[in-house]
Amino acid sequence: DVTAGSNFYGPGGQYHSFVGKDATRAFATGCLKEECMVSTLDGLSEKELKEIDRWVELYETHDKYTFVGTLVEDVVEQILELEVDTIEQLQEEEEEEEEVVL
């Protein structure tokens, strides 16, 4: 939750392009352009990967910014996967119960 930094993350703010996106690569490279807002870390240097750790530590220990959730690429796909897993688990439980009854 970066509400406390709304002057940075709000509309017109320097980091507004980070909102609702995986901005890890942008934090690592310092690139604020739209093309830098991608989830892949491929090709980053050791120094850039360490920069990611530095930013993570900052947000984990900052008294104004609190963790509110995890960004997922496709919420619908994640929900469907959970439903399929749940259905499969229920089917397995039913089969186990049928084996016990027989």
### Task
Using the test ring-ring contact (aromatic ring centres under 6.0 Å, His included), find all partners of Phe8 that sit at least two apart in sequence or belong to another chain.
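In terms of ring-ring contact (aromatic ring centres under 6.0 Å, His included), with neighbours along the sequence ignored, Phe8 is linked to no residue.
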### Task
Kindly write out the residues that satisfy ring-ring contact (aromatic ring centres under 6.0 Å, His included) with His62, not counting sequence neighbours, or none if the list is empty.
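His62 satisfies ring-ring contact (aromatic ring centres under 6.0 Å, His included) with Tyr65 once adjacent residues are dropped.
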### Note, Trp55 side chain near Thr24 side chain (heavy atom, < 4.5 Å)
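Trp55 does not reach Thr24 side chain to side chain.
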### Query
Are the side chains of Asp85 and Glu88 in touch, meaning some heavy atoms are under 4.5 Å apart?
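A side-chain contact under 4.5 Å exists here.
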### Query
Can Val38 be reached from Phe27 by stepping across I, L, V, M, F, W or Y side chains whose heavy atoms are under 4.5 Å apart?
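Result: no, two separate clusters.
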#### Entry: Hydrophobic cluster identity match, Tyr15 and Leu58, side-chain contacts under 4.5 Å
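Hydrophobic grouping puts Tyr15 with Leu58.
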#### Entry: Which residues share a side-chain contact (heavy atoms from CB on, under 4.5 Å) with Ile87, sequence neighbours left out
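For Ile87 the side-chain contact (heavy atoms from CB on, under 4.5 Å) partners, ignoring immediate neighbours, are Gln91.
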Sequence-distant partners of [X], side-chain hydrogen bond (donor to acceptor under 3.5 Å, both in side chains), two or more places apart:
X     : value
Thr61 : none
Thr66 : none
Asp42 : Thr40

### Task
Return the minimal non-hydrogen interatomic distance between Ser17 and Met37, and the atom names on each side.
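Residues Ser17 and Met37, closest heavy atoms: OG-CE, 3.4 Å.
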#### Entry: Sequence neighbours excluded - salt bridge (Lys or Arg N to Asp or Glu O under 4.0 Å) pairs with any residue from residues 47-71
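Non-adjacent pairs meeting salt bridge (Lys or Arg N to Asp or Glu O under 4.0 Å): Glu51-Arg54.
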### Task
Return each pair, listed once, that meets salt bridge (Lys or Arg N to Asp or Glu O under 4.0 Å) where at least one residue sits in residues 2-18; pairs must be two or more places apart or across chains.
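Sorted result for residues 2-18: empty, none.
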### Message
Filter on side chain to side chain donor-acceptor pair (under 3.5 Å), then keep only pairs touching residues 3-14, sequence neighbours left out; what's left?
### Response
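As it turns out, the side chain to side chain donor-acceptor pair (under 3.5 Å) pairs with a partner in residues 3-14, which skip direct neighbours, are Asp1-Thr3, Tyr9-Tyr59.
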#### Entry: side chain to side chain donor-acceptor pair (under 3.5 Å) partners of residues 26-37, not counting sequence neighbours, each pair once
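Qualifying pairs, neighbours excluded: Lys21-Glu34.
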### Task
Show which residues join Leu49 in its hydrophobic cluster (side-chain heavy-atom contacts under 4.5 Å, direct or indirect), or state none.
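Leu41, Leu44, Ile52, Val56, all in the cluster of Leu49.
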### Query
Which residue pairs satisfy the disulfide bond (SG atoms under 2.5 Å apart) criterion with at least one member in residues 36-97, sequence neighbours excluded?
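Listed by first then second residue: Cys31-Cys36.
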